[in-house]
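Read the numbers this way: they start at 1 and go in the same order the structure lists the ligands and their atoms. Everything quoted here is computed from the prediction, not taken from an experiment. The figures here come from the full heavy-atom set of this structure, side chains too, leaving out hydrogens, waters and symmetry mates.
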Amino acid sequence: MAEKERILVIGAAGQVGTELVLKLREVFGETNVIASDIKTPGYEIFEGGPYEILDVLDVKRVNHIVSKHGVKQVYLMAAFLSSTAEQNPGFAWNLNMNGLLNILNMARKEKIAKVFWPSSIAVFGPNSPKEKCLQFVVTEPNTVYGISKLAGERWCEYFFEKSKVDVRSVRYPGLIGYNSQPGGGTTDYAVHIFYQAIKKGSYECYLKADTALPMMYMDDAIRATIEIMEAPSEKVKIRSSYNVSGMSFSPSELAIQIKKHVAQFEISYKPDHRQQYAETWPVSIDDSFAKNNWGWQAEFDLKKMTVDMMQNLKMI
Ligand code: SER
């Protein structure tokens, strides 16, 4: 695969950014992957290759970092997620939207050649289908996060159509991994539950027992991200964002799997404001376009994911 273009990851200290940097460095070589964030990341990211403090809203500095390192590809992972965005809508809109526009504009001016930007299942809303939600359906999100992601998708397609910007995107479901903690999302429980199961043998869930949502194991999410970026341009036919599906489960279904590893595990439920966001999202996703266009295929189901999480977390 690997053309050795210099890659900049913005938001490298976050849940996905952390894992993405580790994988990109493994595939493309540590000197070719520049990690960046507004805060200092964990030791592995900081020590494992070039690192820059960077705020995506600071256009001048983004330009400086891109030319300093000869960056050709940008993975823009910095964003406010659903729960934090509701608490600070103005800033969330600014970060999620102007961050993206800054990078798309740089690509339009040919300062960079390729952009990855993640969208989310949060583009769907109460009027979208619940089961096996198709690629092209009603998208009427009613969260700030969802609105910013939907607008972002429209901008991506617009820049591709009008200015030939090579931007690629997938709609991430809730993401679960053991190397990094999520922050500010509605689906975060699916990571926290593992830590609490091991530490305390119990977990109080902020979603109702039967609230099923689309989810994906981090290995699959990182692979989807790199695969769409490495796919030949003509195979990436959708330039807004692709549905990608991993698995779908509710908190009670996840608890059953965890009990197989922590026999005394107890889950209790105390729904909070995040329940209402979750209820507007689909339960499961149809990803036929990603499968047919660039060969996407998830590898982890609920059982396999739980086994892998448990094995890795018990070693940490
Ligand atoms: N994981 C996100 C959230 O919960 C959804 O994309 O906000």
**Item:** Which segment of S82 sits under 4.0 Å of ligand 1 when only heavy atoms are counted
**Value:** both

**Asked** For atom 2 (C) of ligand 1, which protein heavy atom lies nearest, and how many Å away is it?
**Response** T187 OG1, 3.9 Å

**Message:** Looking at D188 and R274, is there a salt bridge between them, counting it only when a charged N and a carboxylate O are closer than 4.0 Å?
**Reply:** no

**Request:** If you have a sec, work out which protein heavy atom is nearest atom 4 (O) of ligand 1 and how many Å separate them, to one decimal?
**Result:** T186 N, 2.6 Å

**R223/D220 salt bridge by N-O under 4.0 Å criterion** = yes

**Prompt:** Which ligand 1 atoms, with their elements, are less than 4.0 angstrom from a heavy-atom of L81?
**Reply:** 7 (O)

**Asked** For ligand 1, which part of Y145 has a heavy atom less than 4.0 Å away: the side chain, the backbone, both, or neither?
**Response** side chain

**Asked** Got a salt bridge between D272 and K270, using NZ or NE/NH1/NH2 to carboxylate O under 4.0 Å?
**Response** no

**Item:** Per-atom contacts of ligand 1 with S120, taking only distances under 4.0 Å to non-hydrogen atoms
**Value:** 5 (C), 6 (O)

**Message:** Once rounded to the nearest 0.5 Å, what's the spacing between atom CG of N98 and atom CH2 of W93?
**Reply:** 9.0 Å

**Asked** Is E52 salt-bridged to K68, going by a charged N under 4.0 Å from an acidic O?
**Response** yes

